[in-house]
Amino acid sequence: MDYGIDNQEHNALIRLRGRLTFNDHAKLRALIQEMLHHKANRQVVDLSNLEFIDSAGIGMLLIAREELANMDKQFILRGAQGQVKRVLSVAQLAKIITIEE
Amino acid sequence: MLAGIGVPMDRLERLSRSSGVALAPPDTAGTDNSADNRFGVPATDSHQKVRVFMREILLLGSVSHTAMIDILQQSTARAWIEVGTLGDDALVNVIAHALQSDFYAFFTTQTANACQLACAITHALSQNRVLASQARGDIELALHEALANAMVHGNLQVGGMKGLSLASIDRFAHDLHNRFSDPAFALRRLEVRVRQEEPGLVVDVVDQGLGFSQPTQKKPTVPAASGRGLELISAVVQSYELLEGGRCIRMRFAP
């Protein structure tokens, strides 16, 4: 999995690319650290280029949300499609994380 | 038929005799490096295309992970068996198991992880059988989750990320790294057995870990970072059951 961060006026926009699985723990940890230190209070993660996510990936997104919430930062997912959208739905993630189209 | 890449010819001949499976004929077409084209000679580590034959049992010997990924992508074999440290007797046994499945894979945890085995197997199945894209996506997800469970929790005996914190990721990363570096865990085997039971497919994923019993208690009210693997599997399969003390998950897919 790869990621890039765009700084916008009031948001940080993080774009994920590739596949997010249990093997990507180091990358996700680095990303979470960057998000925690980013000055924007609203962190939007764009999933439109993420092809695949597994249950560990879901768990790591939940960790991201929790860690950001502890710093009063918002964590929003958007643009999920295909397999990723399906998995987010099955895991009922919308009950815990704000998910936009 | 029996074929090999990175396996000495004399060993292949011995295994063919012991298992009663005929050797596949040498490939005479296509590849340009004729010196390395002899059947059974170790593949080079470059991206040389390797022709493999329809529906053979493919033994994978001295092959790098990089080369392995290419080989699996292009393979039309009915079985992939990583030779690793297995002796002849063990291999003959594994070959016999392979013959009982329509598709079969037997890899160490280390290699299975490096080769994205779930992806490779789904690709191979879709080459041999018409799979609608939804079906293909379902099989890949279920196989990935089952193999991840088998690798991480089964063979490597690493617990899931429990609390919702960076510390959980750190602990997981630490344990995973330690176990992947320990041959006693990393060389434990994974087995995938696929059978067509018309109209659908039955897929078994088997590990060599300590076993598992499915918790009977209700889902926790506090969300956890771990524990959704079986939930995802049950969303995409027709049914599943845990066998062999939890070392085997048997998943059924509707056509």
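We name chains A, B, ... by the order of the sequence lines, and we start the count at 1 in each one. Not measured: the values here are computed from a predicted model.
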Visitor: Check each atom of A:Ala26 against the heavy atoms of chain B and say whether the ones under 4.5 Å are side chain, backbone, both or neither.
Guide: neither
Visitor: Tell me, do A:Asn23 and B:Gln116 make a side-chain contact under 4.5 Å, heavy atoms counted?
Guide: no
Visitor: A:Leu62 and B:Arg228: which non-hydrogen atoms are nearest, and at how many Å?
Guide: CD1-NH2, 3.2 Å
Visitor: Is a side-chain donor-acceptor pair under 3.5 Å present for A:Ser55 with B:Glu145?
Guide: yes
Visitor: Quick check: are there more than 12 heavy atoms from other residues, nucleotides or ligands sitting under 6.0 Å from CZ of A:Arg17?
Guide: no
Visitor: Side chains of B:Ile169 and A:Ile32: does their closest heavy-atom pair fall under 4.5 Å?
Guide: yes
Visitor: Which bit of B:Ser234 comes within less than 4.5 Å of chain A, counting heavy atoms only: side chain, backbone, both or neither?
Guide: neither
Visitor: Describe, in one word, how the ring planes of A:Phe22 and B:His144 are oriented to each other, choosing from parallel (under 30°), tilted (30 to 60°) and perpendicular (over 60°).
Guide: tilted
Visitor: So, are B:Glu140 and A:Arg86 salt-bridged, with charged N and O less than 4.0 Å apart?
Guide: no
Visitor: Could you give me the CA-CA distance, side-chain angles and deciding distance for B:Leu166 and A:Leu36, then say whether side-chain contact (heavy atoms from CB on, under 4.5 Å) is met?
Guide: CA-CA 11 Å; B:Leu166 282 174; A:Leu36 286 173; 4.0 Å; yes
Visitor: Do A:Glu67 and B:Ser165 have side chains that approach each other closer than 4.5 Å (heavy atoms only, starting at C-beta)?
Guide: yes
Visitor: Is the number of heavy atoms from other residues, nucleotides or ligands within 6.0 Å of CD (A:Glu101) greater than 12?
Guide: no
